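Here's the structure, in structure tokens; my notes come after.
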Amino acid sequence: MPLPSQQTIKPRVLYITSRGHSGSTLLSLLVSGHSQVVSAGELKMLSNPDPQRRLCSCHRQVPSQCPFWGAVEQRVKDRVGCSLEHLQLVDGGDDATFLRHNEALFVAIAQVSGSALIVDSSKSLPRLSRLLSVEAQGAAFEMQPVHLHRGPFGSINSARKRGDALRQASYNYLNLFFLTRERLRGVRALRVYYERLVADPRLEMARVMAWLNLPLEEGQFHWRDGVRRDIHGNDMRFGSSDQIRLDQSWRQQLSWRQKLGVLVWTLPVRLRSRWLYRRVRMWIKPGVDPFP
């Protein structure tokens, strides 16, 4: 059943911010297995010009061809006069338009799904930062950010396999960690560790759901049984197994010299030392990679 009226809804938005390939799709699927939650996936991708990057999980269609997202789009059009692909969701435009477009989107998702808690796994720190800024101006939604963090070896090895030099990947890893920590300073936010989530999903999900003030439900661990509405995300959303496995391929795929480089370059993150970060950051500024 849809929620009663647009005026009485103030959706809560669990926003997952992280590096790519850090488990955001897994966390989104586990949270949205709850009876009171809907995962919308990477909402920033709604405005992506490539239709293959806007496919939903429920029908594998672009939003305009999906019954769920088509209904969301109609409500958004009724409120702000534009389709989903023309919404301002990350950059560009003034804050008033950004606020109006995102309010319309979140309220429409809540009304069509019947769930007032929405998971946005866009990952983008600039999008989160802008949403937090407009929330402080009196937005009709409440942000609940989750910083999903993956250990350096797995994260940097994933970036290396996508074509990044090890030095560049380490530099990016450092920057994003400390930029995220700084942006979330003073904000009620939760940090979730990918390795802990995969090693003991029940324990870590109990912590996440307690933070959301919702009971943990058994159905959250059988997420293949339900319907998911995610836009974009890891291809695991289309699989058939709900088995969770820790990806430790970096152990075989990185040489000992590469592991040593990652170990040294990411020391500031493990020590949570901004002082050391500033010094290591200058030292490893992208250039010739000594650990190819």
Side-chain angles (χ1 to χ4, degrees), residues 16-30 42 53 121-126 128 146-184 190-201 203-205 207-208 232-239 241-292:
I16 301 173
T17 183
S18 70
R19 282 175 58 84
H21 298 267
S22 293
S24 61
T25 300
L26 172 62
L27 179 59
S28 175
L29 290 169
L30 286 168
E42 300 185 27
R53 299 176 70 82
S121 55
S122 291
K123 299 193 289 289
S124 164
L125 184 59
L128 171 60
V146 170
H147 179 194
L148 178 60
H149 180 67
R150 186 178 182 183
F153 292 105
S155 180
I156 292 171
N157 187 47
S158 289
R160 182 190 64 84
K161 289 189 286 187
R162 298 195 305 274
D164 289 355
L166 210 67
R167 191 185 194 104
Q168 178 72 61
S170 300
Y171 182 83
N172 294 342
Y173 183 86
L174 281 178
N175 280 346
L176 186 57
F177 178 84
F178 282 98
L179 284 172
T180 303
R181 193 174 75 156
E182 186 63 31
R183 182 60 187 90
L184 294 179
L190 180 71
R191 183 174 294 151
V192 175
Y193 293 90
Y194 164 78
E195 287 80 6
R196 294 180 188 175
L197 178 65
V198 175
D200 195 340
L203 182 63
E204 196 66 4
M205 286 307 301
R207 189 172 73 91
V208 172
H232 197 55
N234 191 291
D235 284 345
M236 68 177 292
R237 63 198 175 115
F238 295 133
S241 170
D242 56 11
Q243 187 173 3
I244 298 173
R245 295 177 180 173
L246 179 62
D247 178 7
Q248 291 190 308
S249 58
W250 62 267
R251 292 185 179 275
Q252 293 76 41
Q253 294 172 358
L254 294 178
S255 68
W256 70 266
R257 295 179 73 244
Q258 290 174 323
K259 291 174 186 174
L260 179 61
V262 172
L263 181 69
V264 173
W265 289 336
T266 61
L267 190 61
V269 172
R270 286 192 295 280
L271 297 180
R272 304 294 191 262
S273 171
R274 189 166 184 83
W275 177 87
L276 188 58
Y277 158 65
R278 288 194 294 266
R279 281 146 184 82
V280 171
R281 180 175 179 270
M282 294 304 296
W283 173 46
I284 68 167
K285 193 170 183 179
V288 178
D289 193 343
F291 301 102

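Small disclaimer: the values here were computed from a predicted structure and weren't measured.
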Before giving the answer on side-chain contact (heavy atoms from CB on, under 4.5 Å), spell out for H147 and L190 the whole-Å C-alpha distance, their side-chain angles and the decisive distance to 0.1 Å. CA-CA 6 Å; H147 179 194; L190 180 71; over 6 Å; no
So how far is it from [X] [atom1] to [Y] [atom2], rounded to the nearest 0.5 Å?
| X | Y | atom1 | atom2 | value |
| --- | --- | --- | --- | --- |
| F153 | R160 | CZ | CZ | 13.0 Å |
| Y194 | L26 | OH | CG | 7.5 Å |
| R257 | L166 | CZ | CG | 10.5 Å |
| N172 | L179 | CG | CG | 10.5 Å |
| R19 | L176 | CZ | CG | 6.5 Å |
| S121 | L29 | OG | CG | 8.5 Å |

Evaluate side-chain contact (heavy atoms from CB on, under 4.5 Å) for S124 paired with E42, printing each intermediate quantity in order. CA-CA 9 Å; S124 164; E42 300 185 27; over 6 Å; no
Could you check whether any side-chain heavy atom of [X] comes within less than 4.5 Å of a side-chain heavy atom of [Y], counting everything from C-beta outward?
| X | Y | value |
| --- | --- | --- |
| T17 | R183 | no |
| Q248 | R251 | yes |
| L174 | I284 | yes |
| Q258 | Q253 | no |
| R191 | V146 | no |
| L30 | I244 | yes |
| R196 | L203 | no |
| I16 | L27 | yes |

Can a donor-acceptor pair be found, under 3.5 Å and without considering hydrogens, that links the side chain of [X] to the backbone of [Y]?
| X | Y | result |
| --- | --- | --- |
| T266 | V262 | yes |
| S155 | P152 | no |
| E204 | V192 | no |
| R272 | P268 | no |
| S22 | S18 | no |

Of all heavy-atom pairs between [X] and [Y], which one has the smallest distance, and what is that distance?
| X | Y | answer |
| --- | --- | --- |
| W265 | V280 | O-CG1, 3.4 Å |
| A169 | I156 | CB-CG2, 3.8 Å |
| K259 | L254 | CE-O, 3.3 Å |

Can you confirm whether or not the ring centre of Y173 sits under 6.0 Å from the ring centre of H149? yes
Which pairs pass salt bridge (charged side-chain N to carboxylate O under 4.0 Å, His left out) with one or both residues in residues 147-158, sequence neighbours excluded? R150-D247
Run the side-chain contact (heavy atoms from CB on, under 4.5 Å) test against R162 and tell me which residues pass, sequence neighbours left out. H21, S158, A159
